[in-house]
Amino acid sequence: MSLPVRTRFAPSPTGYLHVGGARTALFNWLFAKRHGGTFVVRVEDTDAARNTEEARAAIFEGLEWLGLDWEDPEHEGDCGPYYQSQRTDIYEEWFQKLVTADRVYEDEGAWRFCFERKPITMNDLVCGEVVIDYTDESNTPDMVVRRSDGSFVFHFVNVVDDLTMGITHVIRGEDHLMNTPKHLQLIEALGATPPKYAHVPLILNGDGSKMSKRDEGAALGDYPKQGFLSSAVVNFLALLGWSPKDEKEIFSAAELIGKFSLESVNRAPARFDPEKCRWVNQQHLLGLSPDDFVASCASEASPAMLLSIQEKITLLTEVPDAVSFYLDPEFPTDPLALEKVKGNDLAATLLSKLVENFESLDDWSQAKEIIGTTAKASDAKPGQLMFPLRIALSGKAGGPDLGAILEILGKAECVRRLARFTALLK
RNA sequence: GACCCGUUCGUCUAAUUGGUUAGGACUCCGCCCUUUCACGGCGGCAACAGGGGUUCGAGUCCCCUACGGGUUGCCA
């Protein structure tokens with residue numbers, strides 16, 4: 001029988017979590033969960049120069065925000081340490097195996113691993129069978145596995161870690177495809193069984209260029225700041241380079257786990273589309289329960305106010321602006337919208353009649369009906385009154401449903417705002 | 001340069017073992033619903049990189065070219 005699935009994400013601390021790395025982590029997590037396995041995170045911090053506390057924190061904060069869970073000392077893992085900088089004893093021990101097997105030799109103080117000169121075949125779960133020929137030494141010189149200062153290089157520690165941590169599936173970026181035969185050779189020399197490999201395509205900018213730190217959408221830490229829901233980002237990232245192969249597009253993490261498979265991962269790199277990412281976010285916002293939506297807004301505004309804008313916003317960052325007119329008695333009026341109403345005599349008369357009708361209204365729940373009857377009494381369409389009324393009450397051309405605004409503001413405040421607006425019209 | 005991977009609407013993508021009017025989604029544009037704003041519904045614009053084969057028949061298989069990406073470190 002096959003071993004319990006263990007996948008891993010092995011970032012190096014660079015100060016931020018790249019969206020491509022986040023997606024790689026997500027695929028590893030989805031695959032592990034799909035097969036009832038475990039997702040391991042280990043930090044490749046052998047390059048001491050950029051290994052800072054904040055750099056490490058950025059990784060874990062990002063993964064946590066996405067809602068992933070992983071194995072480490074705090075999460076019942078016993079394959080630690082999970083930092084390469086703390087595993088030198090292990091590396092030393094495994095390095096001796098290469099020495100014993102006579103597969104390394106000294107070269108100017110460093111140690112090189114000598115490749116077997118033969119074609120190496122890999123069966124990638126995404127790319128299929130790929131053969132790299134190691135016969136020609138000039139293309140594939142023996143690689144350094146231990147530097148002259150005694151430290152070990154990436155290829156060696158990466159392989160030893162995967163082996164000792166019991167990793168069964170290595171899912172990583174396509175930039176590692178050409179590293180795989182090197183790793184396979186190392187594993188063979190160590191007398192171990194290699195994990196299965198899956199190389200997923202990279203994420204590019206909208207124009208096809210490589211995504212770097214400053215590009216839009218590159219840093220995962222920016223998403224919460226920009227008002228994205230983590231569930232939406234998970235959903236969007238999963239759809240970048242992978243397809244559930246049906247018409248549905250909006251998924252919860254649990255649904256993704258149920259559908260994920262490496263066979264459906266694409267080979268071609270995907271381009272990042274901020275527009276669609278926002279649409280996915282809007283869909284997730286729409287799908288939130290009232291309580292969850294209110295909680296996500298993290299706003300001073302009342303639940304009724306917030307709920308009135310749930311289907312009007314795309315990003316959470318729009319919330320303060322969308323509800324500000326409720327809270328600010330002296331809210332600003334959009335000049336453009338005001339201009340549209342200003343030259344309109346009909347609007348002015350309708351509004352003044354509406355004020356009278358509002359004032360004599362005992363049952364405020366009838367307010368919305370009154371709009372229609374007021375307009376009709378003057379032979380006008382209700383729409384001709386509703387737009388000016390919207391400007392009068394909110395200062396904006398768009399916003400929540402008028403009925404909701406009327407109800408939330410209440411009679412006195414509506415009448416007051418109407419009077420204020422009439423003054424503005426002059 | 002060498003080696004590797006890739007190429008379907010502008011973007012994300014679907015297309016049972018070769019037989020489709022090449023499907024869906026985002027964006028944009030119409031229409032409908034709505035006495036307002038949205039949501040929603042319906043419809044439209046828009047793609048098999050190019051060229052050769054194989055085949056009765058190719059987006060699907062093979063080759064070449066072009067373009068894109070990756071790798072070629074005592075970085076990870």
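The sequence lines fix the lettering, A, B, ..., with proteins before strands; numbering per chain opens at 1.
- Applying the 4.0 Å criterion to OP1 and OP2 of B:rG40, one finds that A:Q283 has a side-chain N or O inside that range.
- Classified by interplanar angle (parallel below 30°, tilted 30° to 60°, perpendicular above 60°), the ring pair A:F9/A:F39 is parallel.
- Distances were taken from every side-chain heavy atom of A:W279 (C-beta onward) to each of B:rC74, B:rA38, B:rC26; the shortest belongs to B:rC26.
- A:D246 and A:K259 are joined by a salt bridge, as a carboxylate oxygen and a charged side-chain nitrogen come within less than 4.0 angstrom of each other.
- Comparing atom distances between the A:F154 side chain and each of B:rU36, B:rC5, B:rA76 picks out B:rA76 as nearest.
- The separation between A:L177 atom CG and B:rC5 atom P is 8 Å, rounded to whole Å.
- Remark: the A:D328 side chain and the A:S324 side chain contain no N/O donor-acceptor pair separated by less than 3.5 Å.
- OP1 and OP2 of B:rC74 both lie 4.0 Å or more from every side-chain N or O belonging to A:R146.
- Comparing B:rU16 with B:rC12, their C1' atoms are spaced 23 Å from each other, to the whole Å.
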Open item on the list: What does the B/S/- profile of nucleotides 12-24 of chain B look like, 5' to 3', with a 4.0 Å heavy-atom cutoff to protein?
Closed with: BSSS-------SS
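- Not a single donor-acceptor pair under 3.5 Å links the side chain of A:R417 to the backbone N or O of A:S394.
- Residues from residues 91-111 of chain A that place a heavy atom under 4.0 Å from any atom of RNA chain B, listed by number: A:D107, A:E108, A:A110.
- Closest contact between the side chain of A:R147 and the listed nucleotides B:rC5, B:rC4, B:rC75 involves B:rC75.
- A salt bridge links A:R416 with A:E413: at least one charged nitrogen is closer than 4.0 Å to a carboxylate oxygen.
- Looking at residues 377-392 of chain A, you'll see A:P382, A:G383, A:M386, A:R390 sit with a heavy atom under 4.0 Å from some atom of RNA chain B.
- The base of B:rU36 lies close enough to the side chain of A:D401 for a donor and an acceptor atom to sit less than 3.5 Å apart.
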